[in-house]
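Some notes on the structure that comes next.
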Amino acid sequence: QVQLVESGGGLVQAGGSLRLSCAASGMIFSINTMGWYRQAPGKQRELVATITSTGSTNYADSMKGRFTVSRDNAKNTVYLQMNILKPEDTAVYYCYLRTLAGLWLEYWGQGTQVTVAS
């Protein structure tokens, strides 16, 4: 019954910015991690950034300094601010939720396309 819906993707020129949002609905337990992964065609899905319910963040090295993850616990929403975008950032970005409900449960959004034009 958990659903993640991403928004904010689109086409942007290199050097531009985008802000992705992901709203989670359903039974979201207080102890959880939300964040973002991305996958380009023919490539493995990779970590972008995550943030815990207590505010601890984790970034992939290639994203540090350009991307910022944040969240609004009251709205069960996670954001990804992407700056200085590069063509290499072109991918489908997936929202991620890992929540503790006795066991850790994982959920994924359908993804939102980000295309960075050169």
Side-chain angles (χ1 to χ4, degrees):
Q1 60 179 324
V2 173
Q3 184 177 15
L4 305 176
V5 180
E6 303 99 333
S7 62
L11 175 65
V12 65
Q13 294 291 318
S17 299
L18 285 174
R19 181 178 173 86
L20 305 183
S21 298
C22 173
S25 62
M27 187 174 293
I28 311 300
F29 294 90
S30 59
I31 302 175
N32 63 76
T33 296
M34 299 185 72
W36 300 89
Y37 287 72
R38 70 184 186 185
Q39 187 169 23
K43 296 184 178 180
Q44 188 175 5
R45 186 173 298 188
E46 65 176 347
L47 168 72
V48 176
T50 61
I51 182 168
T52 70
S53 51
T54 56
S56 297
T57 58
N58 182 42
Y59 295 91
D61 288 341
S62 61
M63 265 64 80
K64 288 183 177 179
R66 298 189 299 121
F67 292 5
T68 301
V69 65
S70 61
R71 63 184 293 162
D72 185 335
N73 289 337
K75 297 180 179 180
N76 286 322
T77 300
V78 64
Y79 306 93
L80 183 68
Q81 179 66 47
M82 304 186 293
N83 299 322
I84 318 176
L85 284 163
K86 304 175 181 179
E88 305 89 83
D89 296 318
T90 296
V92 176
Y93 285 70
Y94 295 92
C95 183
Y96 167 84
L97 169 66
R98 188 171 187 251
T99 186
L100 182 61
L103 299 174
W104 287 104
L105 302 177
E106 295 185 344
Y107 301 91
W108 297 90
Q110 292 187 350
T112 184
Q113 177 70 46
V114 172
T115 302
V116 183
S118 60

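Ion pairing between Asp89 and Lys86 fails under the 4.0 Å rule for side-chain N and carboxylate O.
If you check the side chains of Tyr37 and Arg45, you find no donor sitting under 3.5 Å from an acceptor.
With rounding to the nearest 0.5 angstrom, the CZ atom of Arg98 is 11.5 Å from the CD1 atom of Ile31. Taken from CG in Leu4 to CG in Leu97, the straight-line distance is 5.5 Å, to the nearest 0.5 Å. Glu46 CD to Tyr94 OH: the interatomic distance, rounded to the nearest 0.5 Å, is 12.5 Å. For the atom pair CD of Gln13 and OG1 of Thr115, the computed distance is 11.0 Å after rounding to the nearest 0.5 Å. Note that the CE atom of Met63 and the CG atom of Leu80 stand 9.0 Å from one another [nearest 0.5 Å]. In this structure, Ile84 CD1 and Phe67 CZ are separated by 10.0 Å, a value rounded to the nearest 0.5 Å.
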Taking it one step at a time, do Leu100 and Phe29 satisfy side-chain contact (heavy atoms from CB on, under 4.5 Å)? CA-CA 6 Å; Leu100 182 61; Phe29 294 90; 5.5 Å; no
Determine whether Met82 and Leu20 satisfy the following criterion, side-chain contact (heavy atoms from CB on, under 4.5 Å), listing intermediate values before the conclusion. CA-CA 8 Å; Met82 304 186 293; Leu20 305 183; 3.8 Å; yes
Hey, mind stepping through Tyr96 and Trp108 against ring-ring contact (aromatic ring centres under 6.0 Å, His included) and telling me if it holds? CA-CA 5 Å; Tyr96 167 84; Trp108 297 90; 5.0 Å; yes
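In this structure, Cys22 and Trp36 have side chains that are in contact, with non-hydrogen atoms separated by less than 4.5 Å. Proximity of Tyr93 to Leu18: side-chain heavy atoms (C-beta onward) are nowhere separated by under 4.5 Å. Side-chain contact between Leu47 and Asn58: present, with at least one pair of heavy atoms (C-beta onward) separated by less than 4.5 Å. The shortest distance between side-chain heavy atoms of Gln81 and Ser17 falls below 4.5 Å. Residues Val69 and Val78 meet the side-chain proximity criterion, which asks for heavy atoms closer than 4.5 Å. At least one side-chain heavy atom of Thr90 sits under 4.5 Å from a side-chain heavy atom of Gln113.
Although no hydrogens or angles enter the test, the distance criterion places no donor-acceptor pair under 3.5 Å between the side chain of Thr112 and the main chain of Ser7. Between the side chain of Tyr59 and the backbone N or O of Arg66, no donor-acceptor pair lies under 3.5 Å. A distance-only check finds no donor-acceptor pair linking the side chain of Thr99 to the backbone of Ile28 [under 3.5 Å]. In this structure, the side chain of Thr77 engages the main chain of Lys75 through a donor-acceptor pair within 3.5 Å. Side-chain atoms of Glu6 come within 3.5 Å of backbone N or O of Gln110 as a donor-acceptor pair. Listed for the Arg71 side chain is a donor-acceptor partner under 3.5 Å among the backbone atoms of Ile51.
Closest heavy-atom contact between Pro87 and Ala14: CD-CB, 4.2 Å. Closest non-hydrogen pair, Leu11 versus Ala117, comes out as CD1-CB, 4.1 Å.
Within 6.0 Å of the CD atom in Gln44, the count of heavy atoms belonging to other residues, nucleotides or ligands does not exceed 12.
Put simply, Val2 and Leu105 are part of the same group of oily side chains (I, L, V, M, F, W, Y) that touch within less than 4.5 Å, one to the next.
Seen from the ring of Tyr79, Arg19 counts as a face-on cation partner, given the 6.0 Å and 45° thresholds.
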